[in-house]
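Just so you know, ligand 1 is whichever comes first in the structure, and atom 1 is the first atom listed for that ligand.
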Amino acid sequence: MFEALPEAKPDAILALMQIFRADTRPNKLDLGVGVYKDGNGKTPVMQAIKSAESKLIETQETKAYVAPTGSAPFCSAMIDLVFGQDADKSRIRAAQSVGGSGALRVLADLMRKSRPDAAIWVSDPSWPNHIPLLGASGFTLNRYPYYDAATGKADINAILSSLSGAAKGDIVVLHGCCHNPTGADLSADDWEKITDLLLEKELFPFVDIAYQGFGDGLEEDAMGVRLLAKRMPEMVVAASCSKNVGLYRERVGAAILMAQNEAEATRAFGQLTGVIRANYSMPPDHGANATEIVLTDDVLSAQWRDELESMRVRMVGLRQSFSDAMRKRSNSDKFDYIANQKGMFSRLPLTTEHIATLRDDHAIYIVGDGRINVAGLPEGEIDSLADAICTVMAESENA
Ligand SMILES: Cc1ncc(COP(=O)(O)O)c(C=O)c1O
């Protein structure tokens with residue numbers, strides 16, 4: 001059976017994690033990992049979730065199946081979180097999903113049933129797993145340029161120019177906020193311009209929102225989705241609770257669709273249920289159940305919002321400190337963009353050689369494309385980190 005299978009290509013981030021674990025240097029620093037870390041280098045379980053889990057264990061009387069689309073109150077709370085209280089819910093439907101990844105996959109499968117000849121457009125760069133996840137549905141994948149490394153901003157002209165070559169009916173994946181890996185978000189004006197183009201060319205928006213609450217705030221980070229929802233006739237959204245509820249391993253998310261009208265929404269939701277049934281039948285319950293308890297309880301919800309806000313504020317502070325330290329050490333403003341970017345990631349202009357030297361000589365681990373996890377920046381040692389990075393960059397310039 002397996003003799004014909006070639007060696008699998010290792011996942012760069014997972015491979016880096018393994019090398020990091022095996023490194024015995026006491027001062028090693030992991031800036032590559034894709035999870036939030038607190039000041040002690042831990043990825044904590046949120047207190048609101050701990051309380052919800054206790055309540056869940058006390059009150060749950062059965063582990064019988066819920067439904068392929070999960071819990072309806074959870075889904076409704078997720079629609080409110082992403083689309084806001086004022087959205088026209090009559091034509092929005094949501095299914096609980098296996099993390100944001102599961103939502104991406106089942107939504108892609110659903111759209112492939114409806115529009116098999118469309119292409120999916122993904123930003124370049126993007127979260128690397130977008131390619132296998134969305135490609136697995138069978139769609140042709142195209143890329144649109146996204147990032148201007150010189151300014152540290154999204155390159156709206158390049159985005160619009162590339163997407164204007166998309167064919168009617170094509171699907172455009174947009175990061176809802178906190179673009180992974182660049183941290184460069186679209187401004188309200190950029191979102192308006194993209195929406196104009198989507199309407200004019202009859203393209204279909206597919207929003208991936210995996211970091212709501214990590215950028216400018218829970219409501220602020222949903223600005224792009226809500227703007228699209230006001231102006232587009234239809235769209236889909238893959239939402240993840242891995243980061244903002246800290247439930248990574250529990251696999252919690254929502255696959256949300258907005259159709260042109262109520263009847264179409266109900267029909268599409270029936271098909272989505274079939275897609276889920278054919279993939280994994282039922283989503284896991286525990287994490288979504290705890291999230292539902294948090295989102296539907298005023299006290300726990302307020303506590304969760306506070307905890308999330310502290311994480312966000314911590315990352316904003318780390319961005320500012322690191323950007324200041326890089327400015328001081330490099331004697332230039334070329335790293336100021338780090339303070340203005342959003343969420344957990346930014347990219348440093350590092351070559352493969354820089355990254356290898358940082359790892360070998362300084363025990364600093366960074367992924368191959370220069371992406372750093374801002375939450376992993378070491379409070380109190382930011383100056384020495386900036387020093388190591390600038391030293392390595394200067395050495396190669398002088399070589
Ligand atoms: C841009 C983006 N989308 C989706 C996801 C999916 O997250 P999960 O499947 O863990 O919820 C991630 C996770 O890193 C991500 O960065």
Side-chain angles (χ1 to χ4, degrees), residues 11-14 16-17 30-37 43 46 49 70 74 78 81-82 94-109 120-137 141 143 146-147 154 172-186 205-215 221-222 224-225 236-256 276 279-280 283-284 286-288 290-291 308 311 315 341-347 367 369 371-376:
D11 180 297
I13 299 176
L14 300 184
L16 191 75
M17 272 164 72
D30 181 7
L31 295 178
V33 66
V35 299
Y36 176 81
K37 289 184 188 179
T43 304
M46 294 174 105
I49 282 293
F74 166 82
M78 287 302 289
L81 191 66
V82 176
Q96 187 182 312
S97 63
V98 184
S101 304
L104 287 162
R105 181 61 203 274
V106 294
L107 287 168
D109 281 0
I120 296 194
W121 293 71
V122 178
S123 68
D124 184 12
S126 198
W127 181 45
N129 206 23
H130 272 150
I131 305 306
L133 259 176
L134 301 170
S137 62
L141 295 186
R143 307 302 296 266
Y146 183 83
Y147 186 55
V172 180
V173 175
L174 296 157
H175 294 226
C177 62
C178 309
H179 185 269
N180 180 3
T182 68
D185 273 2
L186 299 168
F206 185 170
V207 181
D208 177 7
I209 186 156
Y211 299 90
Q212 191 181 349
F214 270 31
D221 290 350
V225 173
V236 293
V237 180
S240 167
C241 299
S242 297
K243 313 294 178 337
N244 59 5
V245 196
L247 282 168
Y248 308 85
R249 67 172 68 164
E250 298 291 355
R251 313 307 297 133
V252 187
I256 311 177
I276 291 169
N279 268 290
Y280 48 82
H286 181 84
T291 305
L308 178 58
M311 290 157 77
M315 287 186 282
Q341 293 181 335
K342 309 289 177 195
M344 218 158 69
F345 303 115
S346 276
R347 254 185 171 186
V367 209
D369 63 357
R371 187 189 84 167
I372 57 161
N373 180 344
V374 173

Worksheet item: Going by the atom numbers of ligand 1, which of them fall below 4.0 Å from some non-hydrogen atom of D208?
Response: 1 (C), 2 (C), 3 (N), 4 (C)

Discussion item. Checking the N or O distance criterion of under 3.5 Å, is ligand 1 in contact with S101?
Written reply: yes

Worksheet item: Does some side-chain heavy atom of F206 sit less than 4.5 Å from a side-chain heavy atom of V237?
Response: no

Fill in: Numbered atoms and elements of ligand 1 in range of K243, under 4.0 angstrom, heavy atoms
12 (C), 13 (C), 14 (O)

Worksheet item: Does ligand 1 have a heavy atom under 4.0 Å from the side chain of Y211, from its backbone, from both, or from neither?
Response: side chain

Item to complete: Would you check the N or O atoms of H175, main chain and side chain alike, for any that come under 3.5 Å of an N or O of ligand 1?
Response: no

Fill in: Proximal ligand 1 atoms for S240, defined as those under 4.0 Å from one of its heavy atoms
7 (O), 8 (P), 11 (O)

Worksheet item: Any side-chain heavy atom of L174 sitting closer than 4.5 Å to one from D208?
Response: no

Worksheet item: Is there a donor-acceptor pair under 3.5 Å between the side chain of S126 and the backbone N or O of V122?
Response: no

Worksheet entry | Test item, R251 contacting ligand 1 (heavy atom, 4.0 angstrom) | yes

Worksheet item: How are the rings of F214 and Y211 set relative to one another: parallel (under 30°), tilted (30 to 60°) or perpendicular (over 60°)?
Response: tilted

Discussion item. Closer than 4.0 Å to some heavy atom of S242 - which atoms of ligand 1 meet that?
Written reply: 8 (P), 10 (O), 11 (O)

Discussion item. Give the atom numbers and elements of ligand 1 that come within less than 4.0 Å of a heavy atom of G100.
Written reply: 8 (P), 9 (O), 11 (O)

Worksheet item: Does some side-chain heavy atom of K37 sit less than 4.5 Å from a side-chain heavy atom of M311?
Response: no

Practice prompt. Would you confirm whether S97, through its side chain, and G253, through its main-chain N or O, come within 3.5 Å as a donor-acceptor pair?
Written response: yes

Discussion item. When you compare the side chain of I209 with that of C177, does any pair of heavy atoms fall below 4.5 Å?
Written reply: yes

Worksheet item: Between H130 and ligand 1, does any nitrogen or oxygen pair lie at a separation below 3.5 Å?
Response: no

